[in-house]
Amino acid sequence: MKRIIKSMEEQYWLPALDLVEAVFTDHENAKEGKLVRSLVEEIRSMPTYLPELELIMVDESDSPVGYCMFSRFHLEGNYESELLLLSPVAVKTELQRQHISRDLIEYGFQKAAQLGYKAVIVEGNPMNYHSRGFVTSAPF
């Protein structure tokens with residue numbers, strides 16, 4: 001199956017929201033699905049939003065199969081030009097375990113580095129991100 005990663009384009013705004021909501025509904029519940037959908041909509045409206053780092057993977061029929069969003073983040077008002085938050089990440093339920101999220105995240109890392117960002121923190125289940133090199137921050 002041919003898959004392409006793209007930065008967000010207007011034609012994918014609603015399909016991406018539908019994908020995120022469906023994935024989180026499948027894995028948690030409808031309330032969580034709507035909550036994460038709202039999170040994406042909220043981030044899109046904020047000055048920390050980076051459309052070039054809201055990523056979508058589409059299949060050969062141009063249908064979304066994966067999604068991830070990196071947005072600017074700061075710690076106590078510092079590092080906003082260097083630090084990104086990765087959240088959320090969603091892959092169509094029936095296509096999970098096919099390295100779609102890995103490919104999206106790695107592409108995002110490369111694009112973020114080209115834009116001058118130096119670090120990424122993630123919000124989500126730590127077990128989903130250890131294989132990408134993330135470590136839990138609590139010990140630090």
- Message: Going by salt bridge (Lys or Arg N to Asp or Glu O under 4.0 Å), name the residues that satisfy it together with Asp59, two or more places apart in sequence or in a different chain.
- Response: none
- Task: Using the test salt bridge (Lys or Arg N to Asp or Glu O under 4.0 Å), find all partners of Lys118 that sit at least two apart in sequence or belong to another chain.
- Result: none
Quick one: do [X] and [Y] end up in the same hydrophobic cluster if we chain Ile, Leu, Val, Met, Phe, Trp and Tyr together by side-chain heavy atoms under 4.5 Å apart?
X: Val58; Y: Val20; result: yes
X: Ile56; Y: Met69; result: yes
X: Val122; Y: Leu35; result: no
X: Phe24; Y: Tyr67; result: yes
X: Phe73; Y: Val40; result: no

Just wondering, do [Y] and [X] contact through their side chains at under 4.5 Å, heavy atoms?
X: Leu55; Y: Tyr107; result: yes
X: Leu85; Y: Phe70; result: no
X: Thr25; Y: Lys34; result: no
X: Leu50; Y: Ser71; result: no
X: Ile121; Y: Leu84; result: no
X: Ile5; Y: Leu104; result: yes
X: Val23; Y: Gln96; result: yes
X: Tyr49; Y: Glu54; result: yes

- Item | Salt bridge present between Glu60 and Lys2 (N-O < 4.0 angstrom) | no
- Query: Does the pair Arg3/Asp103 count as a salt bridge with the N-to-O cut at 4.0 Å?
  - Reply: no
Which heavy-atom pair separates [X] from [Y] by the least distance, and what is that distance?
X: Arg44; Y: Ala16; value: NH2-CB, 4.0 Å
X: Leu86; Y: Val89; value: CD1-CG2, 3.7 Å
X: Gly108; Y: Leu53; value: O-CD2, 4.0 Å

- Message: With side chain to side chain contact (heavy atoms under 4.5 Å, CB included) as the criterion, how do Arg37 and Asp18 come out once you've worked through the C-alpha distance, each side chain's angles and the decisive distance to 0.1 Å?
- Response: CA-CA 8 Å; Arg37 181 186 183 114; Asp18 292 342; 2.8 Å; yes
Between [atom1] on residue [X] and [atom2] on residue [Y], distance to nearest 0.5 Å:
X: Ile105; Y: Ile100; atom1: CD1; atom2: CD1; value: 12.0 Å
X: Glu21; Y: Leu39; atom1: CD; atom2: CG; value: 13.0 Å
X: Glu32; Y: Asp26; atom1: CD; atom2: CG; value: 12.5 Å
X: Met57; Y: Leu95; atom1: CE; atom2: CG; value: 10.0 Å

- Message: For the NE2 atom on His74, are there more than 12 heavy atoms of other groups (residues, nucleotides or ligands in this structure) within a distance under 6.0 Å?
- Response: no
Listed pairs under 3.5 Å, donor-acceptor, residues 6-14 side chains, sequence neighbours left out:
residue: Lys6; atom: NZ; partner: Tyr12; partner atom: OH; Å: 2.8
residue: Lys6; atom: NZ; partner: Asp62; partner atom: OD1; Å: 3.4
residue: Ser7; atom: OG; partner: Glu52; partner atom: O; Å: 2.9
residue: Ser7; atom: OG; partner: Lys111; partner atom: NZ; Å: 3.4
residue: Gln11; atom: NE2; partner: Asp62; partner atom: OD2; Å: 3.4
residue: Tyr12; atom: OH; partner: Asp62; partner atom: OD1; Å: 2.5
residue: Tyr12; atom: OH; partner: Asp62; partner atom: OD2; Å: 2.9

